[in-house]
Q: 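Here you go, one structure.
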Amino acid sequence: MGIYATTTGLGRAFALAALAAGHTVVGTVRSEEDLRAFEGLKPGYAHGRILDVTDDDAVSSAVTEVEQSVGALDVVVANAGYGLEGTFEETPPAEVRRQFEVNVFGAVATLQAALPHTRRRRSGHLMAVTSMGGLMAVPGMSAYCGSKFALEGILEALGKEVAQFGIHVTAIEPGSFRTDWAGRSMARAARSIDDCDELFAPIREARQKASGNQLGDPAKAGEALVHITSVDQPPAHLVLGSDALRLVTAARTAVDEDIRAWGPLSRTTDFAEGAQL
């Protein structure tokens with residue numbers, strides 16, 4: 001089993017659950033100190049690699065080396081990412097690009113590096129951690145939600161491409177978990193527009209107050225992830241947390257209502273005759 005980005009948060013919880021279940025785990029870390037700490041969790045089973053997931057060549061080389069030195073990666077979880085808080089108007093394009101570089105292209109590089117090996121074996125389970133913010137959006141998180149929506153689309157298309165090879169693809173969509181995501185793992189765009197204060201200030205304050213007291217238990221998320229690796233037909237989408245279930249359901253219901261309400265207008269844009277997809 002390959003678990004990527006295991007230094008903190010859900011990545012660490014996933015790795016711990018997999019190790020507890022007796023799996024061999026390869027985890028990426030950021031420093032020699034982190035590497036020693038990770039491998040010390042269960043010597044012989046926990047294998048660390050220092051890796052920057054935004055370096056495409058390094059990611060590809062790492063996956064190839066692991067396949068040769070540790071063994072086949074039958075499960076790959078791309079979970080590197082961070083949050084970027086800020087209203088759309090206040091968030092500089094450079095910060096948006098960096099958000100996508102890590103949250104989208106880091107996951108893409110990881111899964112593309114693993115895919116030739118799983119395709120050759122005609123088996124495997126590829127996963128990436130998106131977010132409930134990949135299926136619903138909140139004010140003040142446009143760049144983050146945009147990156148997660150993008151990753152959702154990539155994973156859904158990928159799953160349909162590789163099903164013919166016996167490969168499963170799952171998008172993991174966590175709600176709020178008791179990790180550092182809203183603390184030190186959150187980047188924040190500088191505030192500059194007073195007009196946004198009335199809407200955005202209470203949202204930011206509530207998120208900061210909730211940090212450290214979130215509903216989600218990372219250890220239970222790890223157990224859920226390990227569970228879906230053991231079933232014959234794992235889900236294409238796995239929402240984690242009752243808060244995520246509530247918010248995602250409400251968001252998707254709103255989309256369905258728009259589609260139904262405006263369906264008659266949608267149909268007016270067709271030619272009288274044409275090819276249906």
Side-chain angles (χ1 to χ4, degrees), residues 8-10 53-54 79-108 128-156 171-216 237 239-266 269:
T8 60
L10 286 177
V53 297
T54 65
N79 71 287
Y82 71 98
L84 174 57
E85 184 186 74
T87 67
F88 178 78
E89 189 176 354
E90 292 177 310
T91 305
E95 293 190 32
V96 178
R97 290 189 184 95
R98 175 62 180 169
Q99 178 83 118
F100 274 68
E101 192 67 39
V102 175
N103 290 6
V104 180
F105 298 116
V108 166
V129 178
T130 67
S131 167
M132 65 178 177
L135 296 173
M136 50 80 68
V138 294
M141 298 291 292
S142 58
Y144 177 77
C145 291
S147 72
K148 295 303 187 177
F149 267 72
L151 187 54
E152 285 279 340
I154 290 168
L155 292 171
E156 190 161 324
I172 307 293
E173 296 125 354
S176 58
F177 276 77
R178 207 165 292 183
T179 68
D180 289 332
W181 181 83
R184 69 182 183 87
S185 296
M186 176 75 73
R188 292 178 167 86
R191 296 303 318 280
S192 59
I193 302 172
D194 293 342
D195 282 348
C196 298
D197 289 348
E198 184 175 353
L199 172 66
F200 184 49
I203 295 173
R204 171 178 277 185
E205 182 179 356
R207 184 179 295 117
Q208 290 174 327
K209 284 184 176 179
S211 182
N213 193 41
Q214 293 95 330
L215 184 64
H237 300 272
V239 176
L240 295 177
S242 60
D243 56 350
L245 278 175
R246 172 175 54 83
L247 293 168
V248 167
T249 298
R252 294 180 76 81
T253 297
V255 172
D256 290 342
E257 289 174 353
D258 263 355
I259 291 172
R260 283 194 296 270
W262 293 95
L265 181 61
S266 300
T269 62

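The chain is numbered in sequence order, starting from 1. The basis for the numbers below is simple: all heavy atoms, side chains too, and nothing from hydrogens, waters or symmetry mates.
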Q: Can you pull out every side-chain hydrogen bond (donor to acceptor under 3.5 Å, both in side chains) where at least one residue sits in residues 250-265? Sequence neighbours excluded, please.
A: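 Applying side-chain hydrogen bond (donor to acceptor under 3.5 Å, both in side chains) to every pair that reaches into residues 250-265, excluding sequence neighbours, yields nothing.
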Q: Nearest 0.5 angstrom please: L247 CG to M136 CE, how far?
A: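 Separation between the atoms: 4.5 Å.
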Q: Work out which heavy atom in P174 is nearest to a heavy atom in A244; give both atom names and the distance.
A: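 Closest pair (atom of P174, atom of A244, distance): C-CB, 4.3 Å.
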Q: What distance do E152 atom CD and T130 atom OG1 have between them, rounded to the nearest 0.5 Å?
A: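 So the gap between those two atoms works out to 3.5 Å.
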Q: Which distance, rounded to the nearest 0.5 Å, do you find between the CE of M132 and the CD of E173?
A: 11.5 Å
Q: Do the non-hydrogen side-chain atoms of R97 and P93 ever get within less than 4.5 Å of each other?
A: yes
Q: Can you name the residues that form a side-chain contact (heavy atoms from CB on, under 4.5 Å) with A143, not counting sequence neighbours?
A: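 By the side-chain contact (heavy atoms from CB on, under 4.5 Å) rule, A143 matches L84, V96, Q99.
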Q: What distance separates F105 CZ from I154 CD1, expressed to the nearest 0.5 Å?
A: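 Reported to 0.5 Å precision, the distance equals 7.0 Å.
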Q: Stepwise, does the side chain to side chain contact (heavy atoms under 4.5 Å, CB included) test hold for E156 with H237?
A: CA-CA 9 Å; E156 190 161 324; H237 300 272; 3.4 Å; yes
Q: So, taking the atom named OG in S176 and the one named CG in L240, what distance separates them when rounded to the nearest 0.5 Å?
A: 11.5 Å
Q: Any idea which heavy atoms bring Y144 and N103 closest together, and the distance?
A: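 It is CD1-ND2, 3.7 Å.
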Q: Of all the heavy-atom pairs spanning G81 and V102, show the shortest one and how long it is.
A: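 Answer, listing the atom of G81 first, then V102: CA-CG1, 3.8 Å.
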Q: Suppose the criterion is salt bridge (Lys or Arg N to Asp or Glu O under 4.0 Å): which pairs have a residue in residues 84-94, not counting sequence neighbours?
A: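 Only E85-R188, E85-R204, E85-R207, E90-R191 qualify under salt bridge (Lys or Arg N to Asp or Glu O under 4.0 Å).
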Q: Of all the heavy-atom pairs spanning P92 and A189, show the shortest one and how long it is.
A: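 Closest approach of P92 to A189: CD-CB, 4.4 Å.
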Q: Could you walk me through whether R98 and T54 pass side chain to side chain contact (heavy atoms under 4.5 Å, CB included), step by step?
A: CA-CA 10 Å; R98 175 62 180 169; T54 65; 3.8 Å; yes
Q: About how many Å separate OG of S147 and OH of Y82, when rounded to the nearest 0.5 Å?
A: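 So the OH of Y82 and the OG of S147 are separated by 8.5 Å.
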